[in-house]
Amino acid sequence: MSEQQNTQIEENKKSLNFIEQIVENDLREGKNNGKIQTRFPPEPNGYLHIGHAKAICIDFGIAQKYGGVCNLRFDDTNPVKEDVEYVDSIMEDIKWLGYEWENVFYASDYFQQLWDFAVQLIKDDKAYIDEQSAEEIAKQKGTPTTPGTNSPYRNRPVEESLSLFEKMNTGEIPEGKMVLRAKIDMASSNMHFRDPIIYRVLHIAHHRTGTTWKAYPMYDFAHGQSDYFEGVTHSLCTLEFVVHRPLYDWFIDELATDDYRPHQYEFNKLQFTYTLLSKRNLRAMVEEGIVSGWDDPRMPTISGLRRRGYTPNSIRILMDRIGYTKFDGINDIELFEFSIREDLNKCATRVSGVIDPIKLVLTNYPEGQTEVMQAVNNPEDETAGSREVAFSRELWIERDDFMEDAPKKYFRLTPGNEVRLKNAYIVKCTGCEKDENGNVTTVYAEYDPQTRSGMPEADRKVKGTIHWVSVPHSIDAEVRLYDRLFLVEDPKGDKDKDFRELLNPDSLIVKTGCKVEAYLKDAKPFDNFQFQRIGYFNVDKDSTDKQLIFNRTVSLKDSWKKQC
Ligand code: ATP
Ligand code: MG
């Protein structure tokens, strides 16, 4: 054990998850001479989502914590859906989450080694070319309780298989006409041992190897071997791979020329309520225009969450909270919303933004006068300081902060009632003006000059405080109010309904003509703010100097609980 590893274990006071326990145990036993190596192995066939972040946090986290190495390996064995765009986005997302890989590898770098290994298996009479169709092969698989049937090609001569395998790669064999299968056991209780397909023909250019290869290895024939080639010690993946593990070990035992073995360990997949996480569904949403792209702020992709205003810290904290277990389950999305609120509460500057503005005129305030008020940037962080905010006779307030006929417990503006204008004066509502349809156009009030900070009645208490933006000092903004994409807790739980039938029609509401304080004119895309009393917002990447655009990251309180 190295000194760093020792210190880490000593310092580790909180309880370990089961993966950390395994790693610490291996270190204590001196396995692999104390070497810890992990990998994050995405297939570059889509953008990363929050589920992948869970894998990233443990793969990179274990290496970081125990002085090991984590590599990024693109599992690019299926050229059909893979693309360089995805490779680039995956790298960007991992870096944004705050992790660094030691090396970048590609499973396609091992195509030659995998080919040679397949040839070795054929020569050892442990693999054969099957010329049956996929349907015929599937029919012969048997069931978990009944054995499968041997393929009529199972005992063909080694030389024949060798020569056909060559042909699978020259382009002579059409797709689907031939596969290479490992010869293991058609009666095994593990279905994955029933002569699994290890190579198939695909006449598609690969994003890195071009048209060099026509025969491509299957995932199970590439993953464990890639781990072995690289020297991975702990190969972490999700629970659906438990049943693949014996095959993972079988291939490595056939391949290994020494005692070293990578080991696969499985943890529970991340699933959230009101969320779909599979890349297949996410891609469909992008291609069908249900969302504006992979980085639509409603998407559970890392790029969508980044654009929505989620912070890397909130995601890492979340993964820590949820933990790693051996049991699948669905986590409440509110846990994620809680994590982002908690993080932004500590770091987001409090500003004034009025989403649905109505004008408030202070009739006893001198026309043309402007005062400068002090606003605390973040009450949770003294070092954040304060800023100056202009105040004048005409202010924008939220439409629902005024009611002409208010119920008893309405503590905002209603004729005869007093409220405090945040960071400024107490004002008393005197009435309103309406248009011909009866809609309120202007609210009137009188301010009390003694109630500003530093004045004799500064501490006078009133029941309500509302936010405001000075009309001549305000800037227009567009505000995009995002909500959950799905109306039901488990969008994939209802087998009779397609996810398209379960979409929330109000997942995006665009508000134009919103008013925000002048301070925000220099805000840059991805900057986070708290619009006081409303929620957390960030600047969208579509925002320009001429048109500020804000995304609602999350409201201040959970509004869904109330509806249920
Ligand atoms: P999807 O099914 O969403 O397309 P995938 O598993 O096919 O995901 P990969 O690119 O193959 O995507 O996954 C890379 C790594 O991320 C794998 O180790 C996989 O186990 C892990 N991973 C994928 N989805 C989740 C999830 N929801 N929770 C935790 N880990 C995940
Ligand atoms: Mg996959």
Side-chain angles (χ1 to χ4, degrees), residues 17-19 38-63 70-78 80-83 85-91 93-94 97 99 101 104-108 207 218-220 222-224 226-227 230 232 234-245 248 262-287 294 299-305 315-316 318-331 333 335-336 490-492 499:
N17 65 43
F18 82 95
I19 298 169
T38 58
R39 83 288 168 268
F40 174 62
E43 189 183 349
N45 62 349
Y47 281 60
L48 296 182
H49 54 60
I50 186 71
H52 294 114
K54 177 168 181 172
I56 290 171
C57 288
I58 192 78
D59 289 333
F60 286 92
I62 286 283
C70 181
N71 294 313
L72 169 60
R73 180 175 72 234
F74 289 103
D75 245 333
D76 56 351
T77 53
N78 181 357
V80 181
K81 296 185 217 116
E82 294 163 2
D83 200 274
E85 174 196 349
Y86 301 135
V87 168
D88 295 343
S89 76
I90 288 169
M91 289 185 176
D93 289 349
I94 297 172
L97 280 172
Y99 294 106
W101 51 86
V104 181
F105 294 126
Y106 293 83
S108 55
H207 74 112
M218 302 296 288
Y219 170 88
D220 275 333
H223 196 85
S226 305
D227 285 344
E230 289 166 10
V232 168
H234 298 77
S235 181
L236 311 175
C237 61
T238 38
L239 284 171
E240 73 269 27
F241 290 102
V242 169
V243 287
H244 294 243
R245 191 184 342 123
Y248 174 104
H263 282 282
Q264 177 185 298
Y265 302 97
E266 309 85 8
F267 59 87
N268 60 330
K269 247 192 156 124
L270 180 71
Q271 290 188 73
F272 272 126
T273 53
Y274 300 96
T275 311
L276 270 188
L277 283 187
S278 98
K279 269 183 275 186
R280 190 166 50 83
N281 290 331
L282 299 181
R283 187 181 307 105
M285 287 194 249
V286 173
E287 285 170 359
W294 285 96
M299 290 283 266
T301 51
I302 308 287
S303 51
L305 292 165
I315 294 174
R316 290 194 305 260
L318 174 79
M319 297 310 162
D320 218 36
R321 259 189 199 135
I322 288 176
Y324 296 81
T325 73
K326 286 195 154 286
F327 311 97
D328 271 323
I330 301 190
N331 288 107
I333 191 73
L335 200 60
F336 196 10
D490 184 5
K492 76 178 176 348
F499 73 81

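In listed order, ligands and their atoms are each counted from 1.
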Using distance alone, determine whether Arg280 and ligand 1 share an N or O pair under 3.5 Å.
no
How far does CG of Leu277 sit from NZ of Lys492, to the nearest 0.5 angstrom?
8.0 Å
Could you state the interatomic distance from CD1 (Ile58) to OG1 (Thr38), rounded to the nearest 0.5 Å?
9.0 Å
Which option, Pro42, Gly46, Gly51, owns the non-hydrogen atom nearest atom 31 (C) of ligand 1?
Gly51
By number and element, which atoms of ligand 1 are closer than 4.0 Å to a non-hydrogen atom of His52?
8 (O), 9 (P), 10 (O), 12 (O), 13 (O), 14 (C), 16 (O), 22 (N), 23 (C)
Lys269 N/O under 3.5 Å from ligand 1 N/O
no
Candidate with minimal heavy-atom separation from atom 7 (O) of ligand 1, of Lys279, Met319, Arg283
Lys279
Just jot down the ligand 1 atoms closer than 4.0 angstrom to any heavy atom of Ala55, in number order.
16 (O), 21 (C), 30 (N)
Separation between OG1 (Thr275) and CG (Asn331), nearest 0.5 Å, reads 10.0 Å
Compute the centroid of each ring, for Phe336 and then for Phe272, and state whether the two points are separated by less than 6.0 Å.
yes
Interatomic distance, Tyr47 atom OH to Met299 atom CE [nearest 0.5 angstrom]
10.0 Å
Tell me if the centroids of the rings in Tyr248 and His244 come within less than 6.0 Å of each other.
no
Geometry only, no angles: is Pro41 polar-contacting ligand 1 at N/O separations under 3.5 Å?
no
Look only at the side chain of Asp76 and the backbone of Ser108, and say whether a donor-acceptor pair between them is shorter than 3.5 Å.
yes
May I ask you to check if ligand 1 and Ser278 share an N or O to N or O distance below 3.5 Å?
no
Using a plain distance cutoff, I'd like to know if Lys54 has any nitrogen or oxygen under 3.5 Å from a nitrogen or oxygen of ligand 1.
no
Can you tell me how far CZ of Arg39 sits from CG of Leu72, rounded to the nearest 0.5 angstrom?
11.0 Å
Ligand 1 N/O within reach of Leu270 N/O, cut-off under 3.5 Å
yes
Leu277 to ligand 1: N or O pair under 3.5 Å?
yes
ring-ring contact (aromatic ring centres under 6.0 Å, His included) involving Tyr324 - partner list, sequence neighbours excluded:
Phe267
Under 4.0 Å, counting heavy atoms only: does His49 come that close to any atom of ligand 1?
yes
Looking at Phe40, which atoms of ligand 1 are within less than 4.0 Å of one of its heavy atoms?
15 (C), 16 (O)
